[in-house]
Amino acid sequence: MPELPEVETVRRGLEPAIMGAKITRVLLRRKNLRKPFPKAMKKRLEGLKVISVARRAKYLLVGLTGDVAGDVVLIWHLGMSGQVRIYKKGEKVPRPEKHDHVQIDLSGGVSLVYTDPRRFGLMDLSVLSEIENHPLLKDIGPEPLGRDFTGRVLKERLGARKTEIKLAIMDQKVVAGVGNIYASEALFKAGISPRRQAGKVSLEKANALVREIKVILKRAIKAGGSTLKDHRTTDGGLGYFQHSFAMYDKEGEPCPGCDCNVGRTGGIKRIVQGGRATFYCPRAQR
Ligand SMILES: [Zn+2]
């Protein structure tokens with residue numbers, strides 16, 4: 001599933017390709033993804049000019065101007081399996097395949113093709129001035145990489161929650177876009193047990209956790225960025241960062257930097273929280 005770093009990578013790929021370009025044609029090859037496309041989407045988008053390519057949590061937000069009703073935003077979520085391919089001037093867009101659901105042509109000979117085999121993706125339109133109140137966005141917590149996301153803010157948002165900290169930091173209302181693997185890794189680096197009650201995480205530990213969340217997301221974005229240079233496609237579904245995880249999928253192995261006797265302790269432990277796997281060290285994480 002495209003996580004925040006992958007979506008940010010897609011955004012960084014899209015921005016230079018479509019900024020300032022005008023949408024000349026929209027091809028919708030079906031009526032819906034996860035939800036129906038907004039009413040008259042094709043008609044509303046054609047003729048508009050791209051003025052921003054932003055991201056909020058895992059939503060791409062393409063700002064567009066030229067609509068009689070004011071500036072609008074194309075809200076675009078890649079779902080579980082969505083990919084965006086960019087075709088630049090002179091590159092022929094291949095004949096659509098089964099899961100190529102949307103094509104957006106822009107001035108300057110650029111085309112975007114959206115592929116989504118599982119169709120959990122989503123496109124919606126919002127008036128730019130009302131974007132923060134959009135139902136999909138209004139309850140989302142702070143951006144993890146934003147300056148306003150600090151240990152103190154996290155601690156405040158956790159309040160007296162009795163849920164386990166791993167589940168709490170994956171809650172979009174607490175902080176945006178910290179996915180399962182990143183949550184697991186950040187908790188390890190911060191030395192916090194994933195099972196600890198969220199409301200009982202100290203300020204010191206919350207500071208460490210916020211720092212580690214930022215570090216791991218930045219690293220993943222950087223890895224995505226370097227991948228992007230080598231590939232012409234902006235692929236939302238890449239698993240390129242998976243190989244550099246410390247804990248993930250390493251049940252039974254010694255955790256990095258740990259001096260515990262794996263023969264006796266069993267090494268990295270796998271548990272299931274909220275239906276998702278967590279990997280942690282019961283010795284190093286308290
Ligand atoms: Zn350990």
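We count ligands from 1, going down the list as the structure has it; atoms in each ligand are counted the same way.
The shortest distance between side-chain heavy atoms of Arg34 and Arg119 does not fall below 4.5 Å. A heavy-atom distance below 4.5 Å is found between the side chains of Met247 and Gln285.
The pair Arg11-Glu8 meets the salt-bridge criterion, with a side-chain N (NZ, NE, NH1 or NH2) lying under 4.0 Å from an Asp/Glu carboxylate O.
Residue Lys42 places its NZ atom among more than 12 non-hydrogen atoms of other residues, nucleotides or ligands, all under 6.0 Å distant.
Defined by atom type and a distance below 3.5 Å, a donor-acceptor pair is present between the side-chain atoms of Thr278 and Lys166.
With a cut-off of 2.8 Å, the protein N/O/S atoms near the Zn ion (ligand 1) add up to 3.
Aromatic pair His101/Tyr114: ring centres not closer than 6.0 Å.
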